[in-house]
Engineer: 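Pasting a structure below so you can have a look.
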Amino acid sequence: MAGARAAAAASAGSTASSGSPPPQEPGLWELLEEFSRTQYRAKDSGGKSGSKVELIEKRCLELFGRDYCFSVIPNVNGDICGHYPRHIVFLEYESSEKEKDTFQSTVQVNKLQDLIHRSKMARCRGRFVCPVILFKGKHICRSATLAGWGELYGRSGYNYFFSGGADDTWANTEDVTEEDFVLRSGDTHLFDKVRGYDIKLLQYLSVKYICDLMVENKKVKFGMNVTSSEKVDKAQRYANFTLLSIPYPGCEFFKEYKDRDYMAEGLIFNWKQDYVDAPLNIPDFLTQSLNIDWSQYQSWDLVQQTQNYLKLLLFIMNRDDDHGLLVHCISGWDRTPLFISLLRLSLWADGLIHTSLKPAEILYLTVAYDWFLFGHMLVDRLSKGEEIFFFCFNFLKHITSEEFCLKTQRRKSLPTRDAGFTVEDICMLRHRDRGSTTSLGSDFSLVLEHSPGAVGSFSYEAVELVPAGAPTQAAWRKSHSSSPQSMLWSRPQPSDDRLPSHHGFTEAKSSSSSSSNHSDNFFRMGSSPLEVPKPRLTALSDRETRLQEVRSAFLAAYSSTVRLRAAAPSPSGAIGGLLEQFARGVGLRGTSTSAL
């Protein structure tokens, strides 16, 4: 086995060395080093760490400014929220001459800032609804879940007594009378006030869809409800929104992902645990549009569940031209950035947002802004082995296929050309026909069928699209496809086209249990978390190429900074060996290394 392990590691190393090193963003390694050493807090702005954060913030503003006109909502010293960026970016419109006249923002930043200030108590830890992605004039927002009465009363009393008797949440509020302050002891009145401002903020941002990732209806600690959620609001204040309960495992579950040597395939959450009481609930008009058997969600592994939830979020943003969505979990700093980051990268890979950013630049932006500056506690998560951050970027290999591409979903037909098919058209058709059998480490392939009942498929809305490779059109014309294609998941047999014969054997621990007990090792085809893209004869789609470059750049930087924490306790040392071979293969490290 030892010789086989060495051969597997050498194979990974030789594959890495056969290609050119992935392009790197200046400062990405420094960002990851800072991220893995300390948690960001808005009030910690002094000293050496403060200067590093300033550079990160400055770079984020620069990258946003490449494609968008934006305003900055100041959060100096965490005045609004202690673990939100000190410079909260509000994207107003795309800065290109063509797009800025198409989607003009109707939001006044001063009014937005006022609503944020008044609504912040409504959400857990003060993590209010914050717009972070602008897609065709619609805002994708993030937040924590609703605060429960314990936190609401606690923070309300703290703000009142420690501000000289003036609660800044209600300061300068014309419609708040003395009776309002006296009646704060009443549950209904207090909830009406703070959640009323939360609802006003959502409406002002034109958010209609609220996607709740919690597996609980309410978070309970020490026998007390510490948080709530829109779906169980007794007064049904959020009844005018489209509420989606899409329960997704919390960061603790990703300890099992790490213990299985970073293998998400076959890893299924235990839905029978006592605290899990939030069932999946999606309105019929959305489930009918997606050919996914949602009743089987408890049998999905981590890959299938993440894929299907991402399809749902993309579909929502693509079908409604007028309204945005909110994604939240409990605190909004683990599961929430996972899906916000995947949404940002998926839309970027289709050329729909951040159109001027290169792979290394969009990687820096989403790591810095979506994860670091919004308070993800990477240091704590790494110490516990809860590697949801690594999972996010390693998961990109599972969303490279065209079923996640919004350009493909809204495609009615290729425009008629006198000259016939171009090379780009042929490459696109070849990629469509072969499905995603060449996706990095994927255990699935796509089979296209003309069958409306196939599992795991979309019923697409269709519009006219520009020729492949041209800039995105400013205006989109809707119509319904009469015979949409559907996509059926099937497990492929190993083939020479999928994995070259001289590469592909990587080692992993047995996935039969999430415990850390020693188990026999086995060989798995193409499933290493550090698998390097293989050379192949067929052309890649733009989407696949772009996501591969992001994933490769992340693995290269991560291997030289954070490192996979499974390397030390692993009896075989397989992951550590592959990591070291990868780093050397792409020219990141010499033959002798020291521990970071």
Side-chain angles (χ1 to χ4, degrees), residues 22-45 48-68 70 72-76 78 81-91 127 130-134 140-142 332-334 336-349 353-354 356-382 387-394 396 549-558 560-562:
Q24 292 296 318
E25 161 72 9
L28 178 60
W29 291 8
E30 291 80 0
L31 167 63
L32 287 175
E33 287 178 347
E34 181 69 15
F35 197 5
S36 63
R37 279 200 297 257
T38 183
Q39 182 189 1
Y40 163 81
R41 295 187 184 278
K43 64 180 180 180
D44 299 334
S45 58
K48 184 177 180 181
S49 179
S51 62
K52 291 181 179 179
V53 171
E54 288 179 2
L55 291 175
I56 294 170
E57 292 170 332
K58 182 178 179 181
R59 182 58 174 161
C60 286
L61 295 178
E62 178 186 345
L63 293 174
F64 275 121
R66 295 271 191 90
D67 299 286
Y68 297 95
F70 64 86
V72 171
I73 299 174
N75 183 38
V76 181
C81 180
H83 18 74
Y84 269 17
R86 292 183 299 184
H87 307 288
I88 299 172
V89 174
F90 175 70
L91 302 176
R127 296 174 66 88
C130 185
V132 288
I133 298 175
L134 183 65
I140 299 177
C141 304
R142 63 181 294 169
W333 52 32
D334 290 306
T336 298
L338 166 63
F339 281 97
I340 290 295
S341 192
L342 290 177
L343 281 169
R344 192 184 300 277
L345 290 169
S346 182
L347 293 171
W348 166 83
I353 63 173
H354 301 291
S356 70
L357 297 191
K358 299 176 182 178
E361 293 172 334
I362 190 68
L363 172 60
Y364 185 98
L365 180 63
T366 189
V367 170
Y369 197 73
D370 297 330
W371 290 89
F372 177 66
L373 293 177
F374 270 90
H376 176 67
M377 298 186 292
L378 182 61
V379 179
D380 177 78
R381 301 300 183 250
L382 289 175
E387 301 211 29
I388 188 172
F389 174 67
F390 177 82
F391 170 81
C392 175
F393 297 96
N394 191 44
L396 295 178
E549 290 182 8
V550 171
R551 179 173 176 261
S552 295
F554 174 80
L555 294 177
Y558 197 91
S560 292
T561 52
V562 183

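Side-chain atoms are counted along with the backbone in the values below, which use heavy atoms only and exclude waters and symmetry mates.
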Engineer: At their closest point, which heavy atom of I133 faces which heavy atom of I340, and how far apart are they?
Structural biologist: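 Shortest heavy-atom separation between I133 and I340 comes out as CD1-O, 3.7 Å.
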Engineer: Calculate, to the nearest 0.5 Å, the distance between atoms CG and CG belonging to L363 and L31 respectively.
Structural biologist: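 These two atoms lie 8.5 Å from each other.
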Engineer: Look at the rings of Y68 and H354 and say which category their plane angle falls in: under 30° parallel, 30 to 60° tilted, over 60° perpendicular.
Structural biologist: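 The rings of Y68 and H354 stand perpendicular, inter-plane angle above 60°.
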Engineer: Can you name the closest pair of heavy atoms from L342 and C392 and give their distance?
Structural biologist: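 Looking at all heavy atoms of both residues, the shortest contact is CD2-O, 3.7 Å.
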Engineer: State the CG-CZ distance between L555 and R551, to the nearest 0.5 angstrom.
Structural biologist: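 Taking CG in L555 and CZ in R551, the distance rounds to 5.0 Å.
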Engineer: Working to the nearest 0.5 Å, report the span between OG1 of T561 and CD of E30.
Structural biologist: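 Here the rounded value is 9.5 Å.
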Engineer: Between F393 and Y558, is the ring centre distance below 6.0 Å?
Structural biologist: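 No; Y558 has its ring centre 6.0 Å or more from that of F393.
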Engineer: Considering only heavy atoms from C-beta outward, does the side chain of I88 approach that of C130 to under 4.5 Å?
Structural biologist: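 Yes - at least one pair of side-chain heavy atoms lies under 4.5 Å apart.
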Engineer: So F389 and V367, do their side chains get closer than 4.5 Å, heavy atoms only?
Structural biologist: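 Counting from C-beta outward, V367 and F389 do come under 4.5 Å.
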Engineer: Salt bridge (Lys or Arg N to Asp or Glu O under 4.0 Å) with E57: which residues, sequence neighbours excluded?
Structural biologist: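 Scan of E57 (salt bridge (Lys or Arg N to Asp or Glu O under 4.0 Å), adjacent residues dropped) gives R86.
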Engineer: Can you sort out the partners of F70 under ring pair (Phe, Tyr, Trp, His ring centres under 6.0 Å), two or more places apart, ordered by chain and number?
Structural biologist: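 Testing F70 for ring pair (Phe, Tyr, Trp, His ring centres under 6.0 Å), a comparison that skips the adjacent residues, returns none.
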Engineer: Are the side chain of R142 and the backbone N or O of G332 linked by a donor-acceptor pair below 3.5 Å?
Structural biologist: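 Side chain of R142 to backbone of G332, a donor-acceptor pair under 3.5 Å: yes, one is there.
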Engineer: Under 3.5 Å, side chain of Q39 to main-chain N/O of G375, donor-acceptor pair present?
Structural biologist: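 Here the side-chain-to-backbone pair exists.
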Engineer: Show the nearest heavy-atom pair for residues L357 and W348, with the distance to one decimal.
Structural biologist: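 L357 and W348 have their closest heavy atoms at O-NE1, 3.0 Å.
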Engineer: Where is the tightest heavy-atom contact between P359 and V550, given as atom of each residue plus distance?
Structural biologist: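 Residues P359 and V550, closest heavy atoms: O-CG2, 3.7 Å.
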Engineer: For the residue pair W371 and H376, is the inter-centroid distance of their aromatic rings smaller than 6.0 Å?
Structural biologist: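 Yes.
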Engineer: Has the side chain of N75 got a donor or acceptor atom that lies under 3.5 Å from a matching backbone atom of Y84?
Structural biologist: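 A pair under 3.5 Å: yes.
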Engineer: What residues, two or more places apart in sequence or in another chain, satisfy side chain to side chain donor-acceptor pair (under 3.5 Å) together with H83?
Structural biologist: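 Side chain to side chain donor-acceptor pair (under 3.5 Å) list for H83, sorted by chain: R127.
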Engineer: Would you list the pairs meeting salt bridge (charged side-chain N to carboxylate O under 4.0 Å, His left out) in which at least one residue belongs to residues 366-376, sequence neighbours left out?
Structural biologist: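 Of all non-adjacent pairs touching residues 366-376, those that pass salt bridge (charged side-chain N to carboxylate O under 4.0 Å, His left out) are R344-D370.
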Engineer: Report the distance from atom CG of L61 to atom CZ of R66, rounding to the nearest 0.5 Å.
Structural biologist: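 It comes to 12.5 Å.
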Engineer: Verify side chain to side chain contact (heavy atoms under 4.5 Å, CB included) between E361 and L365, making sure each step is shown before the conclusion.
Structural biologist: CA-CA 6 Å; E361 293 172 334; L365 180 63; over 6 Å; no
Engineer: For L63 and Y364, which heavy atoms make the closest approach, and how far apart are they?
Structural biologist: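 Heavy atoms of L63 and Y364 come nearest at CD1-CD2, 3.9 Å.
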Engineer: Here's a test for you: under ring-ring contact (aromatic ring centres under 6.0 Å, His included), which of W333, F372, F374 qualifies with Y40?
Structural biologist: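 Single pass found, and it is F372.
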Engineer: Would you confirm whether S36, through its side chain, and E33, through its main-chain N or O, come within 3.5 Å as a donor-acceptor pair?
Structural biologist: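 Between the backbone of E33 and the side chain of S36 there is a qualifying donor-acceptor contact (under 3.5 Å).
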Engineer: Taking ring pair (Phe, Tyr, Trp, His ring centres under 6.0 Å) as the test, write out the residues that go with F339, two or more places apart.
Structural biologist: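 F339: ring pair (Phe, Tyr, Trp, His ring centres under 6.0 Å) contacts with Y248.
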Engineer: Might you point out which heavy atoms bring I353 and L134 nearest each other, and give the distance in Å?
Structural biologist: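 Taking every non-hydrogen atom into account, CG2-O, 3.5 Å.
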Engineer: By side chain to side chain donor-acceptor pair (under 3.5 Å), which residues pair with D67, not counting sequence neighbours?
Structural biologist: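 D67: side chain to side chain donor-acceptor pair (under 3.5 Å) contacts with T355, S356.
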